[in-house]
Amino acid sequence: MEMSFEVERYNFKNIENKWQKKWEENQTFAVHVDKNKKKFYCLEMFPYPSGKIHMGHVRNYTIGDVLARYKLLQGFNVLHPMGWDSFGMPAENAAKQNKLDPKEWTESNIKKMKSQLKKLGLSIDWNREISTCSEDYYKHQQKFFLELFEKKLVYRKENYVNWDPVDETVLANEQVIDGRGWRSGAMVERKKLSQWFFNISKFSQDLLDGLNKLDNWPNKVKIMQKNWIGKSFGSEIDFEVEGDLSVNKIKCFTTRPDTLFGLSFIALSVDHEISKFYKNDTNFLKFKDECSKTGTTEEAIAVGEKIGFKTNLFATNPFNREQKVPVYFANFVLMDYGFGAVFGCPAHDQRDFDFAKKYNLEIKTVVKPENEDDDYIVRNEAYSDKGVIINSEFLNGLKAPEESVIETIKILEKRKLGKKKINFRLKDWGVSRQRYWGCPIPIAYDKNKNIHVIPDDMLPVKLPQNINLNVKGNPLDSEKSWKKINIDGKDLVRETDTLDTFVCSSWYFLRFCSPHENDYGFNEDDVKYWMPVDQYIGGVEHAILHLLYSRFFMRAISQNNERFDLTEPFNGLFTQGMVCHETYKDKDNNWVSPDEIEIVDGIKYLKGDRSNKITVGPTESMSKSKKNTVDPETIIENYGADAARLFILSDSPPEKDVQWTDEGIVSSFKFIQKLWKLNIKIFSEINQNHEEDADDEIVKYTNNFLKKITNNLENFSYNKIVANLHEIYSFLFKQLNHKYKKNTLIENYKKILIAMQPIIPHFSNECLDMLQIKKIEWPNYDEEIIKEDTINLVIQINGKKRGLLQINMDTPEEELTEIIKKNEKIMKYIEDKKIQKKIYIKNKLINIII
RNA sequence: GCCCUCGUGGUGAAAUUGGUAGACACAAAGGACUUAAAAUCCUUGCCGCUUGCGGAGUGCCAGUUCGAGUCUGGCCGAGGGCACCA
C-alpha cells in the first residue's frame, strides 16, 4: 500500500484521555440489577493499596477487563467492580516509621492508585468502590462476627504463637528469620495466647466435597485445597501404658493400623499432656527447646533430623500383649494433628525408620512387596508402598493397605481396642491479630474474663484515631480510655485484638453487589441476582487461604439463614502468572533497575558511567528487592494504555509467567501505530468510488478471524488473540492492494474493530467513532461462509509426509485413489511396490503403507 | 521428603478430539528502498548436496499406533505448594 499522503500519528494521549473521560461522564460501566438481562459477574482480586500499581496489577486487571468487555459486547449485564483490601500490616509499619496516621496513608495511596487504574481504561463501575478499612465496610463485618458467634462458629482458645519478647508482639511466620524477630532481632519464643478462632474445621468434609462441583477451577488449585484439608482415613488405638507416672493409657491416631505388629515405639508431641510431668525436668526443657528450632512445617519435619526424649513409660501392643515398647517425646509429632501421639512402625514409615535407626529400636517387617517371599526384610529404607501383610498372625496374607486397614479396624473395634476415625489436617482459623490497623472485634470482657457481646446499638466498634503507634505490643492495648466500655451498667474492657485481614476479603464480593446497603453487609435480592461470581481472576498465591476462607465464610453465613444460601462464591476461577523481568547488577554486584541503564553499541552500562558495565542475570518475577521492576505509570505515559494492555497479553498465555521487555512494549506501540495508518486509509475509502467487480475474500477471512477470536476469548487464550490481530492486519494491508468492494470492506472492517475492543478499547472506540458506528455489539461469525470447497489433503507414504493435494471437500476414497494414480510426484515414491494398506481420514490425510 | 505442574528454534510461544511441528512475535543475519542514516518492507529453524530435493528433529530411553509434541511406563532437569505477608 503506498502511503503517499501524510498520516497523522496516533495521538494515544489525547484519544485515551478523551475516552476515559467519556466513560466516566456517561457512566458507561454503571450497572443495576435487571432481571430481564443475563448477568455476568467478573471479579479480579482487589489490591492492597500499597501506593502504586505494579505490573502484576496491570496484568490481572487487563485480563479481567478483556473478559468483562467481551461479555458486555455480548449483551450481558456485567458487574465489574473494584475496591481496596485496605487493612493490614504495611500501613501500620509505614505509619510507625514515618509518624503518620495509617488511615491517611492508606487513603492517599488509594487515591493515587485509583487514578493509575483509571489510566488503564478499565471497564469498572466505580460507583461500587469499597474499602475494607472504612467504617462503612467493617461495621458489617462486626455483625457477621457476632452472627457467627451466635451460631457457635467463633470461639476462644489458647494457641501457640511466635512471640517477640522485645517488641512484645506476635509475629507471622515470615517475620521470623533464623529464629529471630525481623525487627527486634530478639530470639522468638513460642507462647500460648488466648485467641479467637473460626470453626472452619466443622466444614472440612463439606469444603472437600464442594471442590468436586467446581468444574471451572484450575485443577491444581483444587488439589492444593484438597491436600490442605487433608482428609485421612484410619483409626484411633488405645495403648495401655505402665511406668512411674500416673498414666495408664495413650490414644494414638494412625492411617496404618494394619502395621500394628510392626510396632516398636510410641512417639508423643512435646506439647502432649504427658509433658506436664516433665515441666521441671531441665533435660526435657532443653529437648523441647531443641525441637522448636527444627520448625514445624511439613518440609522441616520430613527433611530434618528426627530426635527423641525417652520417658520411663512402656506401652503394650494391644494385639500382642507380651510386647512392651518404649514411649518417647519426638520432634516429628505435632500436637494439633490427631491426638499428638503416634505409634512407630519403622519398617513402613520413613520418619519412624530414621528414628529407630538413631535410637537402635527394632525394625520389624510386616508388609512385603507382592513379588517378594515371606522372609522379605526391610533394610535401608522404609517400605510404604502396596504389598501383602506378613509376620502379623491373623492379618497375614491381606493386601495392604486396601484390605488390611479395614480388616484391622474391624478387629480393633470388635475387641474394643480402638475404632475407625477420620482425621482432617485442616485446623481452625485463628483470626486474632495483636495489631491496630484491622477490624476491631466487637467483644468485651469483665473482671473474670467472661465474654460479653457488644450490643447492636453500640455498634460499630470504631478504631480510635490519632493514637500512639510507637508502643510495645498492640497499640490498642495502650489506649486506656478506648478500652473502657460500660454495658448495662457494667464496667468492661474491650477486646483489643483485631481481625485477620483475610476476614475482610472473605465477603467483599458480596458487598460489591450492594455497596451502599446500610443495614446489613448486603441486600439479599442483589446478592441473589449477582452471585456467584462467574469469573474470579487473581494470583495463584491465594490458591489456598483466601479462597478456602471465602468458601467457609459463605457456608458460615448460610447456616440457619433463610435469606442467604450460597456455598460456593466463585463459579469460575482463573489464576494468572507473574510478570517477570531480567535482573541487572553493576560491577560492584549491586542490583540495578532497568531505567538506570544505558545501552551503547549493544553493551549495557550504568547511566552516565562507561566504566561500569552491567551484567544481565536471570529473569525473575518483578520485585523491589531485585530492582527489576518497571513502573506502569511510566509505560502508560510513554506508550499508552492500549499498548501496555496489548503487550501484557501478547507474549505468554495468561496462566503462565510473562517476561516484560522493552522490545515487546515498543513493538506493541508500533503495531498500534500501524493499525492507525491502516484505519486512516480505510476511512478514506468511505468517500471514494470503487469498481464493484472485486472478490469477496475479505468476507471469508473476517469470519474466520471472528471465529478464532471468539474461541480464544472463551478459552482465555489471550496471547493468541494478539496473533490474530497481527494476522488480520497483514490481511487487510495486503487486501488494499487488490480490487475489493468498498462496502464489503467497510462492513467487515467494522466487525474487526469491534472484536479488537476488549484488548485495545480506546483505539477501537476511536476508529468506530470515526466510522460513526453507534450500535456496537459482538459480531457473530457465519459457519456457512467459512466453509471451504477445497482442502489441502496431506499425502503420507509410510507415515511420512510426501506431499499436499488440493482436492474437493469430502472427496470419496475411490476418486482420491484415481487422482493419486495420475500424480507422478507421489507415484514415484510408490513405484511398483505393492500397497499394503491405506488409511484415509476424510479432509485430513491419506497414509499409504507400502 | 511428600504433592502438583512444566520441558518444542537464539528467545517468548502456536499446533481445538493422536493426523502438514514451529502460527504470531522478539532478536540476529542477509537483501530491497535511500547519497546516507532512520523508518519501512522481504527472506532465513538445523544438517547435507546448494534452483529443488533429501535427512534428522518437540529433555532422555522404551512402549502402544498406519501415524505420537499430544497417550502409557521409566529416567533426567526446571518451577510451584506443603498453616497466621497480603
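All values below were derived from every heavy atom in this structure, side-chain atoms included, with hydrogens, water molecules and symmetry-related copies excluded. Quick note on labels: first sequence line is chain A, next is B, and so on, each numbered from 1.
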Using the [atom1] atom in both, what is the distance from [N] to [M], to the nearest Å?
| N | M | atom1 | answer |
| --- | --- | --- | --- |
| A25(B) | U43(B) | P | 11 Å |
| C47(B) | A56(B) | C1' | 8 Å |
| U8(B) | C61(B) | P | 16 Å |
| A29(B) | A39(B) | P | 14 Å |
| G74(B) | A23(B) | C1' | 34 Å |
| U58(B) | A68(B) | P | 11 Å |
| A28(B) | G10(B) | C1' | 8 Å |
| C24(B) | A32(B) | P | 24 Å |

Heavy-atom closest contact (T501(A) atom, D85(A) atom, distance):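 Reported closest heavy-atom pair: O-OD1, 4.2 Å.
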
Over all atoms of both residues, closest heavy-atom pair of F46(A) and S505(A):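 Closest heavy-atom pair between F46(A) and S505(A): CE2-CB, 3.8 Å.
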
Partner of [N] by Watson-Crick or G-U wobble geometry, both contacts under 3.5 Å, or none?
| N | value |
| --- | --- |
| A21(B) | none |
| C2(B) | G81(B) |
| A62(B) | U72(B) |
| A39(B) | none |
| U8(B) | none |

Counting only side-chain heavy atoms from C-beta out, which of [options] sits nearest to [X]?
| X | options | value |
| --- | --- | --- |
| K844(A) | A13(B), G19(B), C3(B) | G19(B) |
| H542(A) | A86(B), A23(B), A56(B) | A86(B) |
| E663(A) | A27(B), U20(B), C24(B) | A27(B) |
| E541(A) | A25(B), A86(B), C82(B) | A86(B) |
| K801(A) | A13(B), A21(B), G19(B) | A21(B) |
| D500(A) | A86(B), G19(B), A13(B) | A86(B) |
| H726(A) | G19(B), C82(B), A25(B) | A25(B) |
| I544(A) | G81(B), U20(B), C66(B) | G81(B) |
| Y48(A) | A15(B), U20(B), A86(B) | A86(B) |
| M224(A) | G81(B), C4(B), C66(B) | G81(B) |

Length of the line joining H348(A):NE2 and G1(B):P, which is rounded to integer Å: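 Rounded to the whole Å, the gap is 21 Å.
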
Length of the line joining R351(A):CZ and G1(B):P, which is rounded to integer Å: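 Rounded to the whole Å, the gap is 15 Å.
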
First of I229(A) and S717(A) reached from the 5' end of RNA chain B, by closest nucleotide: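 Whichever sits nearer the 5' end wins; that is S717(A).
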
Between N719(A) and D651(A): side-chain donor-acceptor atoms closer than 3.5 Å: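 D651(A) and N719(A) do not have a side-chain donor-acceptor pair below 3.5 Å.
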
Full working for side chain to side chain contact (heavy atoms under 4.5 Å, CB included) between T498(A) and F87(A): CA-CA 10 Å; T498(A) 50; F87(A) 269 138; over 6 Å; no

Side chains of Q225(A) and L207(A) in contact at under 4.5 Å (non-hydrogen atoms):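 Counting from C-beta outward, Q225(A) and L207(A) never come under 4.5 Å.
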
